[in-house]
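Reminder, nothing fancy here: chain letters follow the sequence lines and each chain counts from 1.
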Amino acid sequence: MLEIQRLRSHKEEVLDGLSKRNINATNTINELLEMDALWRENKTQLENISAELNQLSRKIGDCFKNNQAQEAQQLKNETQELKVQEAALKTHVDELDSKITTILYSLPNVPHVDVIQGRLPEDNQLIESQGELPTFSFTAIPHWDLAKKHQLIDFELGVKVTGAGFPFYRGKGAKLQRALIAFFLDEADKAGYEEFIAPLLVNEASGIGTGQLPDKEGQMYYAPEDELYLIPTAEVPLTNIYRDVLLPNEDFSIKLTGYTPCFRREAGSYGKDVRGLNRLHQFDKVEIVRIEHPKNSEKALNEMVSHVRDLLIKLELPFRILRLCGGDMGHASAMTFDFEVFSAAQEKWLEVSSVSRFDTFQSNRLKLRFKDAQKKSQLCHTLNGSALALPRILAAILENNQTPDGITIPKVLQAYTGFDRIT
RNA sequence: GGUGGGAUGGGUGAGUGGCUGAAACCAACAGUUUGCUAAACUGUCGUACGGGUAACUGUACCGCGAGUUCGAAUCUCGCUCCCACCGCCA
């Protein structure tokens with residue numbers, strides 16, 4: 001959620017920024033600022049009346065102590081009219097307040113100055129390309145067929161037990177999955193991230209804190225009996241650790257990581273995009289989350305990008321890094337880098353990580369602040385990224401490392417899997 | 001699932017209708033002094049929003065929401081959460 005103070009003082013800048021998302025928010029923001037002015041005016045009036053009532057009440061108390069019942073009764077009568085006014089104003093102020101909040105929720109984050117305007121995935125900026133695209137002397141087999149051939153993943157069994165998008169991993173497939181998780185967590189640990197094992201169900205307040213609610217509840221699985229949501233990413237429980245937190249000084253840099261399954265309803269997806277491991281309702285991911293002083297968030301973002309980059313290099317996967325254009329960024333993001341690995345049999349790039357800075361957009365909702373040197377509270381910056389999401393990494397490893405007589409396990413994983421080939 | 005107890009500022013905890021935005025103690029911070037991994041003393045010490053260049057000031061907040069009252073941390077109702085014990089159990 002954008003800060004209303006920012007809209008008051010830097011309206012043009014915000015409008016410019018939003019135009020990179022191809023949004024013309026001029027009317028919305030003008031309307032918002034009008035409401036805000038009205039809100040403040042009414043709020044001041046309301047507070048004046050409250051102050052007057054408080055004074056009268058004190059006087060009435062004094063009268064009773066001095067046995068001046070007559071005077072007290074007179075003053076009581078005076079309060080009647082004021083109380084009616086107070087109630088009416090309060091209703092009005094509350095209404096304005098909730099209208100303002102609704103509009104604020106609907107506005108996306110302002111893209112960072114370095115983000116370019118754009119509409120389509122093709123408008124994203126290519127930052128870096130790494131690794132050679134594999135070539136084969138035979139026809140490369142897509143991962144869903146490899147998985148079946150080597151009994152690594154059983155999609156049909158998942159359909160039987162749960163439904164589409166909930167595969168079983170089995171045998172070496174399961175071990176490979178576990179190896180990837182352990183590898184990612186170990187790397188995050190080495191980079192100074194504290195590991196958490198988080199709840200997989202969260203309450204409504206947490207969903208609101210990170211922005212999944214109120215808009216995107218359709219994307220989350222929900223357990224109505226207990227009013228709990230299955231997490232779509234570890235970002236939700238990890239970031240919400242710091243909901244309603246006021247850090248005591250400026251000297252902080254919080255780095256969290258966690259492995260969790262992620263649950264996404266993915267309503268509306270279909271076709272070849274969802275084939276095999278490309279899009280699942282349940283998948284595994286290691287997430288990294290950072291909470292930083294505003295002056296450090298740029299540095300933190302770079303560190304996260306280079307962390308993810310190193311993971312892909314160690315896994316020997318060809319990848320590219322894109323800086324998303326305004327139109328392709330998520331609602332809450334100020335800047336996002338997408339990582340895509342090349343999947344040799346499908347011959348396409350698969351998104352495996354998204355690393356974003358949110359600046360104060362999330363912390364404003366979360367009420368996550370710190371005390372600065374002047375003892376004033378300021379909003380922290382939050383960032384997060386996948387490091388990494390497993391299914392498409394697995395797909396790329398299977399497809400890229402296939403040989404006529406089996407699949408080679410990347411060296412860095414062999415200590416984790418205990419085998420170097422799948423035959 | 002059953003029974004009982006509880007929710008107050010960073011912590012412990014006082015407070016049953018006005019003098020309480022909240023005692024006291026601890027912690028923290030600043031200073032004074034004496035000095036050797038410290039003590040004593042003094043002072044400061046909740047958050048949010050509005051107004052003001054500022055000093056400051058107004059309002060709201062004692063789990064959440066509603067009610068009674070001129071006035072609520074305190075009374076009434078609803079809800080949530082926590083703790084203890086019993087039952088069940090990975």
**Student:** What string of B, S and - do you get for nucleotides 53-82 of chain B, 5' to 3', when a contact is any protein heavy atom under 4.0 Å?
**Tutor:** -----BBS---------BS-----------
**Student:** Please check if the side chain of R265(A) supplies one atom and the backbone of H281(A) the other of a donor-acceptor pair under 3.5 Å.
**Tutor:**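 It does not hold such a pair.
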**Student:** Starting from C1' on C49(B), measure out to CD on Q45(A) and report it in whole angstrom.
**Tutor:** 17 Å
**Student:** So do I153(A) and F155(A) actually touch side chain to side chain, heavy atoms under 4.5 Å?
**Tutor:** yes
**Student:** Starting at CD1 of I4(A) and ending at P of A48(B), how long is that distance when rounded to a whole Å?
**Tutor:**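 So the CD1-P distance, I4(A) to A48(B), works out to 17 Å.
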**Student:** Measuring only the P atom in each nucleotide, how far is U8(B) from C64(B)? A whole number of Å is fine.
**Tutor:** 10 Å
**Student:** Using atom P of each nucleotide, how far apart are C26(B) and U42(B) to the nearest Å?
**Tutor:** 12 Å
**Student:** Can you label the angle between the F263(A) ring and the Y221(A) ring as parallel, tilted or perpendicular, going by 30° and 60°?
**Tutor:** perpendicular
**Student:** Given the C1' atoms of C45(B) and A30(B), what is the spacing between them in whole Å?
**Tutor:**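 These two C1' atoms come out 10 Å apart once rounded.
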**Student:** Taking atom P in both C89(B) and G4(B), compute the distance separating them and give it to the nearest angstrom.
**Tutor:**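 C89(B) and G4(B) have their P atoms separated by 24 Å.
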**Student:** Can you give the dot-bracket line for RNA chain B, using ( ) for pairs inside the strand, [ ] for pairs that cross earlier ones, | for pairs with another strand and . for unpaired bases, where Watson-Crick and G-U count if both distances are under 3.5 Å?
**Tutor:** ((((((((.[[[..)..(.....]]].(((((.......))))).((((((....)))))).[[[[[..)....]]]]])))))))....
**Student:** Let me know the distance between CG of D36(A) and C1' of C49(B), rounded to the nearest Å.
**Tutor:** 11 Å
**Student:** Quantified in whole Å, what is the C1' atom distance between nucleotide G9(B) and nucleotide A24(B)?
**Tutor:**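 It works out to 14 Å between them.
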**Student:** Give a yes or no answer on whether the side chain of K255(A) reaches the backbone of D189(A) with a donor-acceptor pair at less than 3.5 Å.
**Tutor:** no
**Student:** Using a 4.0 Å heavy-atom cut-off across all strands, classify E71(A) as base, sugar-phosphate, or nothing.
**Tutor:**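 Nothing, no heavy atom under 4.0 Å.
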**Student:** Pair N240(A), R243(A) - check side-chain hydrogen bond (donor to acceptor under 3.5 Å, both in side chains), show working.
**Tutor:** CA-CA 5 Å; N240(A) 272 285; R243(A) 170 156 50 83; 2.8 Å; yes
**Student:** Taking C61(B) as the reference, what is the distance to G71(B) when you measure between their P atoms (whole Å, please)?
**Tutor:** 13 Å
**Student:** Nearest heavy atom decides the nucleotide; on that basis, is L246(A) or R8(A) closer to the 5' end of RNA chain B?
**Tutor:** L246(A)
**Student:** State plainly whether the residues K411(A) and E316(A) are in salt-bridge range, i.e. N to O under 4.0 Å.
**Tutor:**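 Looking at E316(A) together with K411(A), the answer is no, because their closest N to O distance does not fall below 4.0 Å.
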**Student:** Between U68(B) and U74(B), how many Å separate the two P atoms, rounded to a whole number?
**Tutor:** 15 Å
**Student:** With rounding to the nearest 0.5 angstrom, report the CD1 to NE2 distance, I141(A) to H150(A).
**Tutor:** 7.0 Å
**Student:** Using atom P in both nucleotides, what's the gap between U76(B) and G17(B) to the nearest angstrom?
**Tutor:** 12 Å
**Student:** So, K83(A) and E86(A), do they make that salt bridge, N to O below 4.0 Å?
**Tutor:** no
**Student:** May I ask you to check whether F370(A) and H293(A) place their ring centres under 6.0 Å from each other?
**Tutor:** yes
